[in-house]
2 protein chains.
Amino acid sequence: MTISEVSKKYNLTQDTIRYYEKIGLLPKVPRSKNGIRDFDEEACNWIEFIKCMRNAGMEIEILIKYVTLFRQGKDTVKERRQLLEEQKSKLLEKQKSINETLDRLNYKIKLYDEIEAGTRKDFTEKI
Amino acid sequence: MTISEVSKKYNLTQDTIRYYEKIGLLPKVPRSKNGIRDFDEEACNWIEFIKCMRNAGMEIEILIKYVTLFRQGKDTVKERRQLLEEQKSKLLEKQKSINETLDRLNYKIKLYDEIEAGTRKDFTEKI
DNA sequence: TATTGACTTAGAGCGAACTCTAGGTGTTAT
DNA sequence: ATAACACCTAGAGTTCGCTCTAAGTCAATA
């Protein structure tokens, strides 16, 4: 698969994919003899994995660490597990923040609906 | 309330608070006669609100827009409602991404647990 | 044969959100 | 009175994660 195909498949720019490889986020992307990237299934799987993690806001440094451990083989399973557990905690925190904010947005949207409907005349919005 | 008290109360640096005011994110922070900020309840409420929204990842530009509309009074209720609704959608998307990633992390953590426990001998982790 | 088009690289540039620096003012404690 | 301390400002610097630029290689088509 060429970079333009991968780019379309995962909706990432070619620049982003090259950047990810450059910083060590993609282990061994195969190349055809004239130096052109030829993504195999494993490389694609990594891209998909990284995209998923990045979408959730995981830091690139952490992902590089994970990829590095992964490449070192079975001996790093314990450390990888630990890393993922930490990231899980962070995501749970983030989830909590988002839920709090959603509650607040819902409250305010409801308030604005009441104001617009005229069912609330005492317009004392308290931020 | 002085800036250092507010800073402690909301766990934001003084620099961040001053920055928020400078860019128009805090409507009218009162000042004592020698020019020192003296946060009243309303200013504190704004800080708390902004902190909540920022924690969920809402962009500063959007928050400035909201604050600006708020200051313009009742006539902007409809527009404010619309803005909040858009941000709500974004947060729901983000929530979805986080949930997907959490599922994936849980799967991998479980896999690593099995590997470590020795209950899974076929070590064919597929990223 | 010339040009088009997809790929390559190194490295510069960018936007967001702070964070820090330098220099200044005003109040309080010794 | 002088030092310490908390505050102030404008503006420069930093970090993250891309994104763009310039210059080059190579294969296919007019």
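Naming: A, B, ... by sequence-line order, numbering from 1 per chain.
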Who pairs with B:Leu83 by side chain to side chain contact (heavy atoms under 4.5 Å, CB included), at least two apart in sequence or on another chain?
B:Ile62, B:Lys65, B:Tyr66, B:Leu69, B:Gln87
Starting from the first five and the last five pairs of the helix from C:dT1-D:dA30 to C:dT30-D:dA1, work out the angle between the resulting helix axes, to 10 degrees.
20°
Salt bridge B:Lys78-B:Glu85, side-chain N to carboxylate O under 4.0 Å
no
Tell me the interatomic distance from A:Leu25, atom CG, to D:dG17, atom P, rounded to whole angstroms.
10 Å
Phosphate oxygens OP1/OP2 of D:dC18: is one of them under 4.0 Å from a side-chain N or O of A:Tyr20?
yes
Rounded to the Å, how far apart are A:Ile23 CD1 and D:dC18 P?
8 Å
Give every pair of a protein N or O atom and an N or O atom of nucleotides 19-22 of chain C that lie under 3.5 Å apart, one pair per line with the distance.
none

Do A:Glu48 and A:Lys9 sit within salt-bridge range, that is, some charged N less than 4.0 Å from a carboxylate O?
no
Closest heavy-atom pair and its distance - B:Arg71, B:Lys28:
NH1-N, 4.4 Å
Rounded to whole Å, please give me the gap between CG in A:Asn34 and C1' in C:dT8.
10 Å
Taking the six-membered ring for Trp and the single ring otherwise, decide whether the centroids of A:Trp46 and A:Phe39 are under 6.0 Å apart.
no
With a 4.0 Å heavy-atom cut-off, tell me which residues in residues 56-63 of chain A come close to DNA chain D, sorted by residue number.
A:Glu59, A:Ile60
Assign a letter to each nucleotide of nucleotides 1-6 of chain D from its 5' end: B, base within under 4.0 Å of a protein heavy atom; S, sugar-phosphate only; -, no contact.
------
About how many Å separate NZ of A:Lys90 and CD1 of B:Ile98, when rounded to the nearest 0.5 Å?
13.0 Å
Using a distance-only test with no angle check, is there a side-chain donor-acceptor pair under 3.5 angstrom linking B:Ser7 and B:Ser4?
no
Rounded to whole Å, how long is the line connecting atom CG of B:Asp38 with atom P of C:dG26?
17 Å
Indicate, with a heavy-atom threshold strictly under 4.0 Å, whether A:Arg37 touches base, sugar-phosphate, or nothing.
sugar-phosphate
Distance (rounded to the nearest 0.5 Å) between A:Glu93 CD and A:Leu91 CG:
10.5 Å
Count the heavy atoms belonging to other residues, nucleotides or ligands that lie under 6.0 Å from CD of A:Glu61, then report whether that count exceeds 12.
no
Using whole Å, report how far CD of A:Gln14 lies from C1' of C:dT9.
14 Å
Using 0.5 Å steps for rounding, measure from the CD1 atom of B:Ile23 to the CD1 atom of B:Ile60.
4.5 Å
What integer distance in Å separates B:Met53:CE from C:dA16:P?
20 Å
Whole angstrom is fine here: how far is it from CZ in B:Arg31 over to P in C:dG26?
14 Å
Let me check something: any side-chain donor-acceptor pairs from residues 51-59 of chain B under 3.5 Å, sequence neighbours excluded? List them with distances.
| residue | atom | partner | partner atom | Å |
| --- | --- | --- | --- | --- |
| B:Lys51 | NZ | B:Tyr10 | O | 2.7 |
| B:Arg54 | NH1 | B:Met58 | O | 2.4 |

Expressed as a whole number of angstroms, how long is the span from A:Glu21:CD to D:dG17:P?
19 Å
For A:Thr76, the option from A:Gln72, A:Arg80, A:Lys74 that meets side-chain hydrogen bond (donor to acceptor under 3.5 Å, both in side chains)
A:Arg80
Contact summary for B:Ala43 and B:Asp40, nearest pair of heavy atoms
N-OD1, 2.9 Å
Would you say the side-chain atoms of B:Asp15 and B:Thr13 include a donor-acceptor pair closer than 3.5 Å?
no
Of the options C:dG26, C:dC18, D:dC8, whose atoms approach the side-chain atoms of B:Arg54 most closely?
C:dC18
